[in-house]
**Student:** 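Submitted below is the structure of interest, expressed as structure tokens.
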Protein chains: 2
Amino acid sequence: MNASTSDFPTGSTRMSEQMSDALPPSEQHVRQYAAVRNAHETELLEDYVELIGDLLKYQGEARSTDIAARMGVSQATVSKTVTRLKSQGLVDSQPYRSLFLTEKGEAMAEMARRRHAIVLQFLRALGVSDGTARIDAEGMEHHVSRETLEVMERFTRERGRD
Amino acid sequence: MNASTSDFPTGSTRMSEQMSDALPPSEQHVRQYAAVRNAHETELLEDYVELIGDLLKYQGEARSTDIAARMGVSQATVSKTVTRLKSQGLVDSQPYRSLFLTEKGEAMAEMARRRHAIVLQFLRALGVSDGTARIDAEGMEHHVSRETLEVMERFTRERGRD
DNA sequence: ATACTATCTTAGCCATGGCTAACTTTTTTC
DNA sequence: GAAAAAAGTTAGCCATGGCTAAGATAGTAT
């Protein structure tokens, strides 16, 4: 099981002083859930594109095998997803050859990479251990708005760096 | 071709410094993605259970209509998901009647509610606006580990301006 | 009591994202 | 240069999470 589902800090939260647990107005509530569903749609594609970009950058090549190995997924699954990436104009490749990013894919990768880095550095600046920060950043990055990213960046700049 | 050899282009010994964008070792990378996939599995069920708990608490009843309206989803979708919740022993209900949480569902709801509150309060304490904090918290909450939650709690307690 | 309305369920569709198994192509090795 | 290994693809399975349309049940008004 996942740490984030089974574990919980034992300290009390004093949330009774705050309305944080009251139901938001319906329309706002809908927007929240819609935002989450929306993020989920692109999440996996962003992860692929980000990983492909990193592989190209650090290993010169992005092969399906490497992706499968790093994502912990079968090659067949990678193949299928890559088809989708190509149909969305994010990736370019010849059969049985290395993968490349289109301009659009490049832009998405760069955005994802930057966002990932901001979240990761923020968590570390906050005092979270490296291993945990990496895991949490991977999951959180797709759900952090522009505004929050800016706040995180500022925080890291001002108080960060141990 | 495949250079599974040097994942970490060396140079800096302190990878907490500037290595934030380098590829982590494969096994660690796999763990990161696995954690995300894992979180996704329970994410929706947690959201339902949390919402049902809130509805029971603040409206006395949890009807499919309310859930559909708040989640921005069709009643049919709610019906289907509730079937799954029941099969997992999280929810209890008679056909055409209000929904209730089992003990297990109650526990999950309580956990989700507290985690949600911690993340939300943390974001606000950080300086993120309320609307954005609500949206981001909804997406982030499922990906925040116990360790990070504790750090967030401490931060809110010490520097929080509620 | 009947009819209308709101709520809930079921059936059947689609896309996504996993998997295994079987096959093809490319690369390596001898 | 042929055989073996590795890499990539395709086909077909499954569960999830959306949807619409149609039917069943419950609640409310007349």
Side-chain angles (χ1 to χ4, degrees), chain A residues 2 26 30 32-49 51-52 55 59-88 90-100 138-139 142, chain B residues 1-5 26 30 32-49 51-52 55 59-88 90-100 138-139 142:
Chain A
N2 183 356
S26 261
V30 167
Q32 290 174 212
Y33 289 119
V36 173
R37 281 196 301 272
N38 194 62
H40 280 164
E41 273 177 29
T42 42
E43 211 164 306
L44 190 73
L45 299 186
E46 282 179 8
D47 282 344
Y48 266 79
V49 150
L51 178 54
I52 290 168
L55 286 169
Q59 311 197 153
E61 252 199 339
R63 310 294 308 217
S64 292
T65 299
D66 300 326
I67 297 172
R70 288 198 170 263
M71 303 258 295
V73 127
S74 75
Q75 280 193 5
T77 295
V78 172
S79 217
K80 209 167 154 185
T81 306
V82 165
T83 300
R84 227 180 114 219
L85 288 165
K86 287 168 82 169
S87 84
Q88 307 239 339
L90 294 163
V91 159
D92 218 357
S93 81
Q94 301 304 318
Y96 300 99
R97 297 296 175 193
S98 176
L99 307 174
F100 297 98
E138 189 66 58
H142 305 282
Chain B
M1 36 118 64
N2 97 40
S4 50
T5 40
S26 263
V30 168
Q32 290 174 210
Y33 289 119
V36 173
R37 281 196 302 272
N38 193 64
H40 281 164
E41 274 177 29
T42 41
E43 211 166 303
L44 190 73
L45 299 186
E46 282 178 8
D47 282 343
Y48 266 77
V49 150
L51 178 53
I52 290 168
L55 286 169
Q59 314 200 141
E61 250 197 342
R63 309 295 306 220
S64 292
T65 301
D66 301 325
I67 297 173
R70 291 203 167 260
M71 303 259 294
V73 125
S74 75
Q75 281 194 5
T77 296
V78 172
S79 217
K80 208 166 153 186
T81 307
V82 165
T83 300
R84 228 179 115 222
L85 289 165
K86 287 168 82 169
S87 84
Q88 306 239 340
L90 294 162
V91 159
D92 217 357
S93 82
Q94 300 306 315
Y96 301 97
R97 298 293 176 195
S98 175
L99 307 174
F100 297 97
E138 190 65 60
H142 305 283

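In this text the structure is predicted, and so the values were computed from the model without any measurement. Proteins get letters first, then strands, A, B, ... in listed order; numbering begins at 1 in each. What you see below is based on every heavy atom in this structure, not just the backbone, and it leaves out hydrogens, waters and symmetry mates.
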**Student:** Between P on D:dG18 and CG on B:Leu45, what's the gap in Å once rounded to a whole number?
**Tutor:** 11 Å
**Student:** For B:Thr77, give me all partners under side-chain hydrogen bond (donor to acceptor under 3.5 Å, both in side chains), at least two apart in sequence or on another chain.
**Tutor:** B:Ser74
**Student:** Looking at residues 90-100 of chain B, who's got a heavy atom less than 4.0 Å off DNA chain D?
**Tutor:** B:Tyr96, B:Arg97
**Student:** According to side chain to side chain contact (heavy atoms under 4.5 Å, CB included), who are the partners of B:Ile67, at least two apart in sequence or on a separate chain?
**Tutor:** B:Tyr48, B:Leu51, B:Ile52, B:Leu55, B:Met71, B:Val78, B:Leu99
**Student:** May I ask you to check whether B:His40 and B:His142 place their ring centers less than 6.0 Å from one another?
**Tutor:** no
**Student:** Could you measure the distance from the OH atom of A:Tyr33 to the CZ atom of B:Arg70? Nearest 0.5 Å is fine.
**Tutor:** 8.5 Å
**Student:** At 4.0 Å (heavy atoms only), tell me whether B:Thr65 reaches a base, stays on the sugar-phosphate, or touches nothing.
**Tutor:** sugar-phosphate
**Student:** Between A:Gln75 (CD) and D:dA5 (P), how many Å, whole number?
**Tutor:** 17 Å
**Student:** How would you list, by chain and number, every residue that makes a side-chain hydrogen bond (donor to acceptor under 3.5 Å, both in side chains) with B:Ser93, sequence neighbours excluded?
**Tutor:** B:Lys86
**Student:** Could I get the full list of side chain to side chain contact (heavy atoms under 4.5 Å, CB included) partners for B:Arg97, not counting sequence neighbours?
**Tutor:** B:Gln94
**Student:** Heavy atoms from C-beta onward define the side chain here; which of C:dT9, D:dT9, D:dG18 lies closest to that of B:Val73?
**Tutor:** D:dG18
**Student:** Taking NZ from A:Lys86 and C1' from D:dG8, how many angstroms apart are they, rounded to a whole number?
**Tutor:** 11 Å
**Student:** Counting just side-chain N and O atoms, does B:Thr77 come under 4.0 Å of either OP1 or OP2 of D:dG18?
**Tutor:** no
**Student:** Please enumerate all residues that pass salt bridge (Lys or Arg N to Asp or Glu O under 4.0 Å) together with B:Glu43, with sequence neighbours excluded.
**Tutor:** none
**Student:** Looking at residues at least two apart in the chain, or sitting in another chain, which of them share a side-chain hydrogen bond (donor to acceptor under 3.5 Å, both in side chains) with B:Glu61?
**Tutor:** B:Arg63
**Student:** Taking 4.0 Å as the cut-off, does a side-chain nitrogen or oxygen of B:Arg63 come that near to OP1 or OP2 on C:dT7?
**Tutor:** no
**Student:** Atom CG of B:Leu55 to atom C1' of C:dT7: distance rounded to whole Å?
**Tutor:** 15 Å
**Student:** Considering every strand and a 4.0 Å limit on heavy-atom distances, what is the contact class for A:Val78: base, sugar-phosphate, or nothing?
**Tutor:** nothing
**Student:** Only counting residues at least two apart or in another chain, list the ones meeting side-chain hydrogen bond (donor to acceptor under 3.5 Å, both in side chains) with B:Gln88.
**Tutor:** none
**Student:** Looking across every strand, which nucleic acid part, if any, lies under 4.0 Å from B:Ser64 by heavy atom: base, sugar-phosphate, or nothing?
**Tutor:** sugar-phosphate
**Student:** From CG of A:Asp66 over to P of D:dA6, roughly how many Å is that when rounded to an integer?
**Tutor:** 14 Å
**Student:** Produce the list of close N/O pairs, under 3.5 Å, pairing protein atoms with atoms of nucleotides 11-16 of chain D; give distances to one decimal.
**Tutor:**
from   : atom 1 : to      : atom 2 : distance (Å)
D:dT16 : OP1    : B:Arg84 : NE     : 3.2

